[in-house]
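These notes are about the structure you will find just below.
Note that the structure is predicted; figures quoted are calculated from it, not measured. Note that these values count all heavy atoms, side chains included, but never hydrogens, waters or copies made by symmetry.
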Number of protein chains: 2
Amino acid sequence: MSDSNGRESRGKLTERMDAFRAMCRREGLKVTPQRLAVYKALVESTEHPSAEAVFRQVRKNIPDISFDTVNRTLLMLSNIDAAFVIEGTGSPKRFDANLKTHHHFKCIKCKRIIDVWHEPFDKIQVPRSIEEKFTVSRKTVYLEGICDKCRGK
Amino acid sequence: MSDSNGRESRGKLTERMDAFRAMCRREGLKVTPQRLAVYKALVESTEHPSAEAVFRQVRKNIPDISFDTVNRTLLMLSNIDAAFVIEGTGSPKRFDANLKTHHHFKCIKCKRIIDVWHEPFDKIQVPRSIEEKFTVSRKTVYLEGICDKCRGK
DNA sequence: TGTCTGGTTGCGATTTTTTTACAACCGTCC
DNA sequence: GGACGGTTGTAAAAAAATCGCAACCAGACA
């Protein structure tokens, strides 16, 4: 179950953590406290955080974790399709563990990334000419511009 | 006029260069040999090159140009809407001077970016809820996956 | 055409972001 | 409980982007 924003409700966190453990085992990856903490931080964030931001968050609970481990774990998550790197036009990489089909708007001023929930976007059909040649693993609508907070300036 | 790929035909290069001169003047920017060379290299490329790649190309004609100038010029081009930074999920930034509405497929293995020309994608409508709050300056469909050349491996 | 002015360039140095190497460590399996 | 092999932390460096400044030159005007 999810709320109107499509975000998993709080009670589902335990379930997602369990599912994550299962994914790791399925992939032959060890379930370590660091990985659990990184995944949890990403799932709980609504900010589409960078590795640096996840690092800051995770460090509150595991002060000795290294940035490298956080970064490697995030890349691992996108490898096993437990999360993905958000499309966008600049560094640093930004991550998202919300696997429900949705889209993004990115403010080019404040770099904020806002979820866009819009049925018609979900239904776009990849043309056959592409589907025949390429294996499309991700399709999404990407919007860019100025957000409400930055527009006033 | 453009061919079936939407790419400007060769004979139009002079026109585009003239148009670029005009854009610079309109923006109060000086027309320098470096800027002309960078813009020309980007227009002539079909590779959606990175700053580094444009740098390598431009250096063939202007051996003493600095990377910094190339990079600054590319960012300038996107500022005046003569080009844009391509959406995508990793560094380095990739640029595109083809302003005709089109979309991209990016191969996550070889990082190649392929133009996607597909009418229905051009017609997607930004939902009112977004349009009311934000100023959308760019909207595009972004596809990601494995390209034909990488699939065999 | 010569001169002036302010934007532009090239350089060097820095910051930011990402990646690598490797020894110590610790989940997992038996 | 013990062994194996993947994982972690550390330090270092590679990759990418940015900054400050003196010399330079495109554009404007005489």
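- In this structure a side-chain-to-backbone donor-acceptor pair under 3.5 Å is missing from A:Ser45 to A:Leu42.
- The phosphate of C:dT9 (OP1 or OP2) has no side-chain N or O of B:Thr69 nearer than 4.0 angstrom.
- Among the nucleotides D:dT7, C:dT20, C:dT18, the one closest to any side-chain atom of A:Asp68 is C:dT20.
- The side chain of A:Arg35 lies closest to D:dT8, out of D:dA17, C:dT17, D:dT8.
- In this structure, the nucleotide among C:dT19, D:dT7, D:dA26 sitting nearest to the side chain of A:Lys30 is D:dT7.
- Between the B:Arg94 side chain and the B:Ile86 main chain, no donor and acceptor come within less than 3.5 Å of each other.
- Straight-line distance from the CG atom of B:Asn71 to the P atom of D:dC19: 11 Å, rounded to whole Å.
- As rounded to whole Å, 10 Å separates atom P of C:dT9 from atom CG of B:Leu36.
- Within the 4.0 Å cut-off from OP1 or OP2 of C:dG27, not a single side-chain nitrogen or oxygen of A:Gln34 is found.
- One N or O on the side chain of A:His102 and one on the backbone of A:Lys100 form a donor-acceptor pair closer than 3.5 Å.
- Of the two residues contacting DNA chain C, namely B:Ser91 and B:Ile65, the nearest-nucleotide position lying further toward the 5' end is that of B:Ile65.
- Note: CD (B:Glu27) to C1' (C:dT8) measures 16 Å, nearest angstrom.
- Comparing D:dT8, C:dG27, D:dT18 by their closest approach to the side chain of B:Lys93 singles out D:dT18.
- At C:dT8, none of the side-chain N or O atoms of B:Arg72 fall inside 4.0 Å of OP1 or OP2 (strictly under the cut-off).
- As rounded to whole Å, 13 Å separates atom C1' of D:dA26 from atom CZ of B:Arg21.
- Counting non-hydrogen atoms under 4.0 angstrom, A:Ser66 reaches a base of the nucleic acid.
- Contact detail for A:Val126 and A:Lys139: the closest heavy-atom pair is CG2-CD, 3.6 Å.
- Rounded to an integer number of Å, the gap from CG of A:Leu29 to P of D:dC4 is 21 Å.
- In this structure, CG of A:Asp64 is placed 16 Å from C1' of D:dA11, rounded to the nearest angstrom.
- Atom CZ in B:Arg25 sits about 7 Å away from atom P in D:dG27, given to the nearest Å.
- If you check the side chains of A:Thr89 and A:Glu144, you find a donor sitting under 3.5 Å from an acceptor.
- Note: CZ (B:Arg94) to C1' (D:dA17) measures 17 Å, nearest angstrom.
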